[in-house]
Number of protein chains: 2
Amino acid sequence: MDRRVTKKGDDDTSGKERPTLKTLAFMTGLGVTTVSRALKDAPEIGAETRRRVQLVAKQIGYRPNRAGVRLRTGKTNVISLVLNTEHELMSFVSDIIYGVTEVIADTPYHLIVTPYSRSQDPLDPVRYLVETGSADGVIISRTQPNDPRARYMLERGIPFATHGRTDMGLVHPYHDFDNYAFAGEAVRALAANGRNRLALVTPPIGLTYYRYTVNGFADALSEVGASEVPFNTVSIDQSIEQIRMRTAQLMRRKDRPDGFVSSAAAATLAIVAGIEDAGLKLGRDVDVVSKQSSELLHLFRRELLVVNENFRLAGSELAKAVLGWIGGADPGTLQSLSTPSEVLPYRG
Amino acid sequence: MDRRVTKKGDDDTSGKERPTLKTLAFMTGLGVTTVSRALKDAPEIGAETRRRVQLVAKQIGYRPNRAGVRLRTGKTNVISLVLNTEHELMSFVSDIIYGVTEVIADTPYHLIVTPYSRSQDPLDPVRYLVETGSADGVIISRTQPNDPRARYMLERGIPFATHGRTDMGLVHPYHDFDNYAFAGEAVRALAANGRNRLALVTPPIGLTYYRYTVNGFADALSEVGASEVPFNTVSIDQSIEQIRMRTAQLMRRKDRPDGFVSSAAAATLAIVAGIEDAGLKLGRDVDVVSKQSSELLHLFRRELLVVNENFRLAGSELAKAVLGWIGGADPGTLQSLSTPSEVLPYRG
DNA sequence: TTGGCAACCTGTAACGTTTCAGTATATTGA
DNA sequence: TCAATATACTGAAACGTTACAGGTTGCCAA
C-alpha cells in the first residue's frame with residue numbers, strides 16, 4: 001500500500017485535507033486542547049495566543065467538524081421543522097421556512113424538515129427527533145389546545161416553539177397570529193358595510209386557532225349586533241370543491257348570509273366561486289373578508305376585503321424563540337403574538 | 001459534562017440510556033465488532049448470530065448514532081435542498097419539499113434546507129456544503145445552461161440532481177418539466193381558438209427552461225403560422241405590479257396580442273389584471289394559457305386555459321435521482337422529463 | 001531560600017462507529 | 001497425523017471534538 005503524502009501523523013500541512021484542531025495545533029505549535037479553548041474564548045488562554053489561534057483559524061478557513069462536536073457534546077446544531085405534508089391548500093410553508101432560515105443564517109444551525117402524513121400520529125416525528133437526539137430544537141405547527149407534542153417535549157426538556165398557542169397551563173415559547181382580533185376586525189368591517197348576517201369559514205376544528213377565531217367572531221357579532229348564519233359543515237382544510245359546493249348550497253337559501261369571514265385565501269377562492277355559482281355578486285349581494293399570506297387575493301376579485309398574515313415573520317419569530325430557549329432564556333419570555341393588519345379594501 | 005450515574009462501564013443495561021453497539025454487545029455476549037457486522041449482514045457472521053443480534057437490536061429499538069457513523073465514515077445521511085429564498089411569487093417550494101420527503105421517508109436520510117439570497121453567489125451554499133461535507137447529496141434548482149454549481153459538484157464528485165437541465169456537454173441526473181412541449185401545446189391551443197398574435201411571458205432569463213420555453217413557443221408559432229408580439233420587458237420573476245402594468249400598457253396598443261402564454265400562475269394573475277385594466281375581456285378579446293402547480297387558476301377566471309405542472313413529482317424524481325447516484329447508479333440513467341398535461345379548459 | 005499561587009498550557013480519555021489486523025476453533029486434504 | 005484453510009469472532013485504533021486532571025513557569029510573600 002502506497003501511502004500518498006504522509007501518514008497524516010503529527011506533521012500535517014499538506015493543504016488539501018480539511019483542517020482540524022490538530023492542523024491548527026501543529027501550525028501554531030500549541031496543543032489541541034489549547035486551540036479548542038482559544039477558539040471559544042476560554043478565560044485561561046493568554047490574550048495573544050487567543051488572537052494568534054483565531055487568526056490562523058480564519059486564514060485557513062477552519063470550521064469545526066459537526067460530527068465531532070455532536071458526538072462529543074450531543075449538540076447537533078440542528079433545528080427541526082415538523083410539517084404535515086398534506087396541507088392540500090395554498091402553501092405558506094415556504095414562507096415559514098424562509099423566515100426560519102433568515103434567522104439561523106448566521107448561526108451554526110442547520111434546518112431539517114421532518115415530515116409526517118395525516119395518517120400518522122403527529123407525535124411520531126417528535127418522538128423520533130427526541131429519541132434519536134436529532135435536533136437541539138423543534139418547531140411544530142397545527143397546535144392544539146391540549147397538545148401531546150408540546151407536553152412530551154416539555155417532559156423531555158427539549159427546547160421547542162409552537163406555531164399557535166396551547167391551553168394546558170404549561171408555559172412554552174410560541175408565536176401566534178391574533179386570530180381573535182382578526183375575526184373581530186372582520187366582523188366589524190362587514191358591519192360597517194351594512195352586513196349583519198354573517199357566516200364564518202373556520203380553521204380546522206381541534207386546532208387552537210379555531211377557538212380564537214370562533215370566539216373573536218362570536219364576541220364581535222354581539223358587539224355590533226349582527227347575527228351568525230351557521231356554516232359548520234365547512235372548514236378551511238376541506239377540498240376546494242367541497243367548500244365551493246357547500247357555499248353555493250348555502251347561498252341559494254333564503255336565509256343566506258350577506259357576509260363571510262374566511263380564515264384562508266385558498267378557501268376564499270372557493271367561497272367566491274360558490275357565491276357566483278349561486279348567481280350572486282360579490283360586493284353587491286355579499287362581502288367577504290379573508291386572511292391571505294400573499295398579495296394575490298385582490299387580483300382575484302377586487303371586491304374582497306383582506307387581512308394579511310405574514311408567515312415569514314412567523315418563521316422568524318419561531319426560530320428566534322427556539323434559539324432563545326436553547327440559549328438559556330426563560331421560555332415565558334419567548335412568546336409573541338402578531339397583530340392583524342387593518343381590513344384592507346382594494347386600492348387601485 | 002455531568003452525565004450519568006454509573007461510569008457507563010461494561011455493565012450497561014440500565015434501561016434509560018439510548019442503546020449503542022456496546023449495549024448490544026453486552027446483551028448478546030458478543031464483541032462490538034461482531035454486532036456492527038451482524039447488523040449490516042456482513043458475510044463472515046454466522047447465520048444464527050446474525051439473527052440473534054438483529055432480533056435484540058429490534059427489540060430494544062437500537063438506532064445507529066448518526067454522529068458516530070458520520071465521524072467514522074464521512075457519511076452524513078443528509079440530502080440538502082438548496083433554495084433561493086426570494087421567489088417572491090407563488091410558492092411551489094413546499095411541493096418540492098413534500099415530494100422529496102416522500103421518497104426519503106423510509107431511508108435513513110434527513111432533508112436539510114440550505115438557503116441563499118439573491119444577493120449571494122448561488123455557488124456559495126453549494127461550496128459550503130461540499131467544503132464542510134454537510135451532505136451526501138444535493139438538489140439544486142434555477143438551473144442554467146452553463147451552471148457553475150453543477151460543474152463544481154461534478155469536479156468534486158459529490159452526487160447531485162438539478163431541477164432543470166444544463167447544456168454543458170456534461171452528464172448528471174436531472175428532472176425537468178418539458179417546457180418546450182408546454183409552450184408548443186399552448187400555442188397550438190391558442191391557434192385552435194383562432195388566436196394568431198401571441199405574446200409569451202417567459203421564465204427568468206438565464207435559466208435553462210427559459211430557452212426551452214422560448215424555442216417551443218417560436219417553433220410552434222411557425223408551425224401554426226401565428227406571429228409573435230414581443231413582450232420582452234416582462235418575465236415571471238418580476239413583481240406582480242410590474243407585470244400587471246406592462247401588460248396593461250401592451251394591451252392598450254393597437255397591435256396588441258390576442259393570446260398569451262404564461263409560464264407561471266402568479267404571473268398569470270397579474271396578466272389577467274393587466275388585461276382587464278385595459279378594459280378588455282378574457283375569452284373574448286384575448287385567451288391566456290398558463291402553467292399552474294395547483295388547481296386554483298380556474299377558480300380565478302374560468303376562461304383561462306391551464307397546463308398542470310406537478311412539483312411534488314419533481315421533488316420525488318429529484319430525490320430518487322440523488323439517492324440513485326449515491327447508491328452507485330450511472331448518472332446518465334437518472335434523468336427524467338415530465339410531459340405536460342393537455343391544455344385544459346374549465347370544466348364546470 | 002522556599003512555599004504558594006496564579007497564569008497558561010497540555011495529554012489522555014471518551015463520545016459511537018467502522019476498519020484493520022488479527023486469534024481461536026473446527027474442518028479439510030494428503 | 002499435521003499442516004493448511006475456512007469459519008466465526010475479537011481488540012485496538014481512528015475519525016474530531018471537549019472535559020478532566022494535571023503540568024510548567026514565573027512571581028511574590030514569608
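Source: prediction; values computed, not measured. Chain naming here is simple, since letters A, B, ... match the order of the sequence lines and numbering starts at 1 in each.
For DNA chain D, no neighbouring residue in residues 55-70 of chain B is found when judged by any heavy atom under 4.0 Å. For the segment residues 128-137 of chain A, the set of residues with a heavy atom within less than 4.0 Å of an atom of DNA chain C is empty.
Ion pair E317(B)/K320(B) flagged as a salt bridge, since at least one NZ, NE, NH1 or NH2 atom sits closer than 4.0 Å to an Asp/Glu carboxylate oxygen. Ion pairing of E102(A) with R312(A) is present here, as a side-chain N (NZ or NE/NH1/NH2) and a carboxylate O approach within less than 4.0 Å.
When each of S316(B), S141(B), S336(B) is checked for a side chain to side chain donor-acceptor pair (under 3.5 Å) with H175(B), only S336(B) meets the rule.
Aromatic ring centroids of H163(A) and Y174(A) lie 6.0 Å or more apart.
One can place CG of L21(A) at 13 Å from C1' of dC15(D), the figure rounded to the nearest angstrom. One can place CG of L71(B) at 17 Å from P of dA13(D), the figure rounded to the nearest angstrom. Rounded to whole Å, the distance from CG on L39(A) to C1' on dG16(D) is 13 Å. Taking atom CZ on R18(A) and atom P on dC15(D), their separation rounds to 14 Å, with Å as the unit. Atom CG in N77(A) sits roughly 14 Å away from atom C1' in dG16(D) (whole-Å rounding). At whole-Å resolution of the value, CZ in R72(A) and P in dG16(C) are 10 Å apart. The distance from atom NZ of K75(A) to atom C1' of dC15(C) is 17 Å, rounded to the nearest whole Å. Taking atom CZ of F26(A) as the reference point, atom C1' of dT10(C) lies 17 Å away to the nearest angstrom.
Side-chain nitrogen and oxygen atoms of S36(A) include at least one within less than 4.0 Å of the OP1 or OP2 phosphate oxygen of dT18(D). One finds a side-chain N or O of K40(A) lying less than 4.0 angstrom from the OP1 or OP2 phosphate oxygen of dT18(D).
Residues S94(A) and S94(B) have side chains that never bring a donor and an acceptor to within less than 3.5 angstrom of each other. One side chain, N146(B) or R151(B), offers a donor N or O that lies under 3.5 Å from an acceptor on the other. Counting only N and O atoms by type, the side chains of T114(A) and S80(A) include a donor and acceptor under 3.5 Å apart.
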Inset, instruction - Show your working on side chain to side chain donor-acceptor pair (under 3.5 Å) between D41(B) and Q54(B) and close with a plain yes or no. - result: CA-CA 9 Å; D41(B) 289 318; Q54(B) 292 181 351; 3.0 Å; yes
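Counted within 6.0 Å of CD on E44(B), heavy atoms from surrounding residues, nucleotides or ligands total more than 12; the atom is thus considered enclosed.
Ring planes of F160(A) and W325(A): tilted class, angle from 30 to 60°.
Side-chain atoms of T76(B) come within 3.5 Å of backbone N or O of D136(B) as a donor-acceptor pair.
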Set out, line by line, the N/O atom pairs under 3.5 Å between protein and nucleotides 6-10 of chain D.
unit_1: dC9(D); atom_1: OP1; unit_2: T49(B); atom_2: OG1; d: 2.7
unit_1: dC9(D); atom_1: OP2; unit_2: G46(B); atom_2: N; d: 2.9
unit_1: dC9(D); atom_1: OP2; unit_2: T49(B); atom_2: OG1; d: 3.1
unit_1: dT10(D); atom_1: OP1; unit_2: G31(B); atom_2: N; d: 3.3
unit_1: dT10(D); atom_1: OP2; unit_2: G31(B); atom_2: N; d: 2.6
unit_1: dT10(D); atom_1: OP2; unit_2: T34(B); atom_2: OG1; d: 2.5

